[in-house]
Amino acid sequence: MLFSKIFIPTLRETPAEAEAVSHILLLRAGYVRQLAAGLYIYLPLAWRVMGRINRIIREEMGSIGAQEISMPGLHPADIWQETGRWYDIGEEMFRLKDRGGRDMCLGMTHEEIITWLASMEIRSYRNLPQVWYQIQTKFRDEARPRSGILRTREFIMKDSYSFDADEAGLEANYQKHAEAYNRIFRRCGLKFHQVESDPGMMGGATAHEFMATSPAGEDTVVLCAGCGYAANTELAMSVPPPQKLKGDEKDTATEDVATPDKRTVAEVSGFLKADPSCFIKSLLMIGHEGPFLALVRGDQELHEKKLQKVAGNFRVAHKDEVKNILGVEAGSIGPHNSTLKKFADASLKEGVYIAGANREGFHTKGIRPHVHFEAEWHDIHVAREVDKCPKCGAGIVLEKVIEIGNIFKLGAKYSQPLKAVFLDEDGKERPVIMGSYGIGPARIAASAVEQNNDKDGIIWPQSIAPFDVEIIPLDTADRETMDTTEAICRELEKQGIEILVDDRDERPGVKFKDADLIGIPFQIIIGKKGLKDGVVELKQRRTKVTERIAPSEVVSKVKDHLAVS
RNA sequence: CGGGGCGUAGCGCAGCCUGGUAGCGCGCCUGCUUUGGGAGCAGGAUGUCGGAGGUUCGAAUCCUCUCGCCCCGACCA
């Protein structure tokens with residue numbers, strides 16, 4: 001491919017709206033352009049990258065027996081009404097009416113549609129198992145699209161769905177997908193983790209996410225080097241360090257102390273000269289069944305999602321509600337002498353604590369769990385790096401990550417309402433057991449850029465680079481330079497290696513800068529200087545290491561490099 | 001949806017506070033020179049100052065409304 005014939009609008013300066021590294025580089029290197037918030041146009045280079053990623057996905061999906069199909073992006077509402085998601089999902093679903101006034105929506109995922117298909121076509125256990133997938137556009141009216149192509153309102157997703165007769169079959173398909181996903185992300189050159197995740201609204205018991213390491217990520221995972229425990233912080237357990245007592249705590253008696261104008265844990269902690277871990281943070285929440293207290297240790301933060309899982313939907317009480325319900329300001333709440341229902345972090349099961357006295361300007365010392373208050377105990381704190389692994393006690397590490405794939409065991413969650421049933425060997429009708437499995441190819445691309453770049457631009461992993469090699473003839477008017485370029489080009493193409501030739505009549509500096517920015521892993525630089533010595537230069541984008549070699553040897557050298565990378 | 005920021009030439013920005021003929025750099029076009037890391041010189045083109053309304057003799061600048069984009073948070077099947 002000739003540079004002059006492919007549209008690569010590189011930018012010298014960074015567009016103001018870009019913040020994330022991948023966003024900046026994909027814009028600057030001429031890969032994408034933004035149409036509106038969360039809507040992107042993929043230019044030729046980006047589309048080639050997507051093509052390579054999707055090819056890897058197709059190969060690996062094929063290897064586990066998945067069959068590619070294609071489903072509409074426009075859906076009738078009634079199927080979504082049958083599963084209830086038409087009503088459960090709010091503004092995130094794009095809804096519209098057709099000319100006949102029928103309710104429609106743009107598909108944000110395809111469980112409903114594929115289950116409808118299964119309900120129509122699968123009759124017998126003999127038809128099972130099936131694994132169907134597609135690489136197709138999804139629509140989600142995100143509250144806040146962000147970070148370039150990382151979170152968009154329209155995006156391509158590889159989604160597959162497994163149909164089995166029983167749980168054992170699901171387990172097998174789930175494992176196959178997990179293995180295929182590991183191969184896909186490894187082949188795409190990503191650093192990633194497979195972690196336990198919250199099944200959330202997808203339903204089902206088991207779910208894992210595939211997370212690419214990146215500071216631009218929206219999620220955080222907890223990783224244990226000791227035993228391999230890995231989980232999204234939304235559900236990751238962790239054991240906090242022991243409480244730091246001063247040693248002068250009294251046995252059982254509680255005592256109120258004046259703490260004028262001190263509200264936050266930090267303020268009271270400094271005032272009373274006690275470590276934050278000696279405090280109970282009490283937060284008033286409004287749940288479906290009325291107000292309740294959430295309790296965490298003073299040195300910890302409450303994880304609202306974890307609490308939601310055990311307490312149901314809730315919201316933080318407003319200032320005036322705190323005053324009305326408890327009679328004191330937020331800084332003076334305590335768990336003792338309160339009759340409200342309480343959810344407490346498990347770390348509060350033991351120890352002696354200071355908490356708000358439930359009267360203005362005072363805190364109570366000497367509060368003991370079980371003695372002075374009872375609660376429902378759960379891990380509801382935000383994991384920190386000072387915490388220990390819940391499985392093996394070793395230290396844990398927190399990492400920012402981008403979600404690039406997920407796998408869910410759905411069970412009968414969709415097959416039941418949509419009546420996707422089959423007759424088993426005994427002639428008994430049973431719901432199909434399902435799993436659903438997603439990958440975001442654009443997020444793979446963005447993650448690859450996030451993980452592989454330097455001050456000069458992108459450094460693509462070989463497997464998903466838009467081209468394998470960029471050839472840079474420095475003087476396009478020079479006969480020998482162009483003859484050599486064409487000869488090398490022909491040989492490389494014969495080997496199935498994809499090449500971009502910068503045939504533009506530009507100064508060498510411009511070509512070098514653009515080549516580094518675009519990030520094709522190898523550059524072959526052909527200039528008069530080198531040809532005088534009978535050599536061309538083979539440069540690795542990542543290391544900037546340059547080898548001077550004879551034109552006749554370039555092809556085999558490139559093949560050597562491609563083989564190892 | 002809550003909080004913050006920004007909309008001025010293709011891109012990056014200044015001008016706004018304190019109203020008075022809209023500027024700079026890069027890019028673009030022409031010519032000459034140059035040709036191994038975003039060239040030099042000379043000449044040139046380019047603006048509904050996001051939009052609407054208002055104040056004023058006069059608005060990019062002040063006021064009101066509105067649209068869009070970005071960031072933080074909430075949300076995220």
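Chain A is the first sequence line, chain B the second, and so forth, proteins listed ahead of strands; every chain is numbered from 1.
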I'd like the [atom1] distance from [M] over to [N], given in whole Å.
N     : M     : atom1 : value
B:G68 : B:G50 : P     : 16 Å
B:G73 : B:G12 : C1'   : 29 Å
B:A59 : B:C49 : C1'   : 11 Å
B:G37 : B:U30 : P     : 25 Å
B:G38 : B:G31 : C1'   : 22 Å
B:G19 : B:C13 : C1'   : 23 Å
B:C26 : B:A42 : P     : 12 Å
B:U21 : B:C16 : P     : 13 Å

Rounded to the Å, how far apart are [X] [atom1] and [N] [atom2]?
X        : N     : atom1 : atom2 : result
A:Glu506 : B:G27 : CD    : P     : 10 Å
A:Glu218 : B:A74 : CD    : C1'   : 13 Å
A:Gln81  : B:A77 : CD    : C1'   : 17 Å
A:Phe314 : B:C75 : CZ    : P     : 8 Å
A:Ile24  : B:C11 : CD1   : C1'   : 14 Å
A:Arg153 : B:G68 : CZ    : C1'   : 11 Å
A:Arg548 : B:G36 : CZ    : C1'   : 12 Å
A:Lys529 : B:G37 : NZ    : P     : 7 Å

Counting Watson-Crick and G-U wobble pairs only, both distances under 3.5 Å, name the nucleotide matched with [N], or none.
N     : answer
B:C24 : B:G12
B:G38 : none
B:C1  : B:G73
B:G43 : B:C29
B:C65 : B:G51

Please tabulate the protein-to-nucleotide N/O contacts below 3.5 Å involving nucleotides 5-7 of chain B, giving atom names and distances.
none

Need one value for [X]: base, sugar-phosphate or nothing, where a base atom within 4.0 Å counts as base even if backbone is also close, heavy atoms only.
X        : answer
A:Ala477 : nothing
A:Gln34  : sugar-phosphate
A:Arg140 : sugar-phosphate
A:Thr481 : nothing
A:Lys138 : nothing
A:Ala37  : sugar-phosphate
A:Glu537 : base

| Nucleotide nearest A:Arg146 when distance is taken to its side chain, options B:U35, B:C70, B:C71 |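 Closest nucleotide to the A:Arg146 side chain: B:C71.
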Would [X] and [Y] pass as an ion pair if we require N to O under 4.0 Å?
X        : Y        : result
A:Asp379 : A:Lys309 : no
A:Glu218 : A:Arg144 : no
A:Asp516 : A:Lys539 : yes
A:Lys413 : A:Glu111 : no
A:Lys323 : A:Glu329 : yes
A:Asp219 : A:Lys400 : no
A:Asp533 : A:Arg548 : yes
A:Glu506 : A:Lys511 : no

| task | Assess whether one donor atom and one acceptor atom, taken from the side chain of A:Asp516 and the base of B:G37, lie less than 3.5 Å apart. | result |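 Check passes, donor-acceptor contact within cut-off.
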| message | Does A:Lys455 contact B:G37 through a side-chain donor or acceptor facing the base, at a distance under 3.5 Å? | response | no
Relative to each other, are the rings of [X] and [Y] parallel, tilted or perpendicular (30° and 60° limits)?
X        : Y        : value
A:Phe185 : A:Phe210 : tilted
A:Phe139 : A:Phe94  : perpendicular
A:Tyr174 : A:His208 : tilted

Tabulated below should be each protein N or O lying under 3.5 Å from an N or O of nucleotides 38-40 of chain B; please produce it.
{"from": "B:G38", "atom 1": "O2'", "to": "A:Arg12", "atom 2": "NH1", "distance (Å)": "2.3"}
{"from": "B:G38", "atom 1": "O2'", "to": "A:Arg12", "atom 2": "NH2", "distance (Å)": "2.7"}
{"from": "B:G38", "atom 1": "O6", "to": "A:Arg28", "atom 2": "NH2", "distance (Å)": "3.2"}
{"from": "B:G38", "atom 1": "N1", "to": "A:Asp514", "atom 2": "OD1", "distance (Å)": "3.1"}
{"from": "B:G38", "atom 1": "N2", "to": "A:Asp514", "atom 2": "OD1", "distance (Å)": "3.2"}
{"from": "B:G38", "atom 1": "N2", "to": "A:Asp514", "atom 2": "OD2", "distance (Å)": "3.4"}
{"from": "B:A39", "atom 1": "OP2", "to": "A:Arg507", "atom 2": "NE", "distance (Å)": "3.3"}
{"from": "B:A39", "atom 1": "N9", "to": "A:Arg507", "atom 2": "NH1", "distance (Å)": "3.4"}

| task | Heavy atoms only: give me the nearest A:Ala317-A:Val322 pair and the separation to one decimal. | result |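 Closest heavy-atom pair between A:Ala317 and A:Val322: CB-CG2, 4.1 Å.
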| query | Does any N or O in the side chain of A:Ser162 come within less than 3.5 Å of the main-chain N or O of A:Gly435, such that one atom is a donor and the other an acceptor? | reply | yes
Between the protein and nucleotides 12-14 of chain B, list the N/O to N/O atom pairs that are separated by less than 3.5 angstrom.
{"from": "B:G12", "atom 1": "OP1", "to": "A:Ala16", "atom 2": "N", "distance (Å)": "2.7"}

| message | Rounded to the nearest 0.5 Å, what separates atom OG1 in A:Thr115 from atom CG in A:Leu410? | response | 7.5 Å
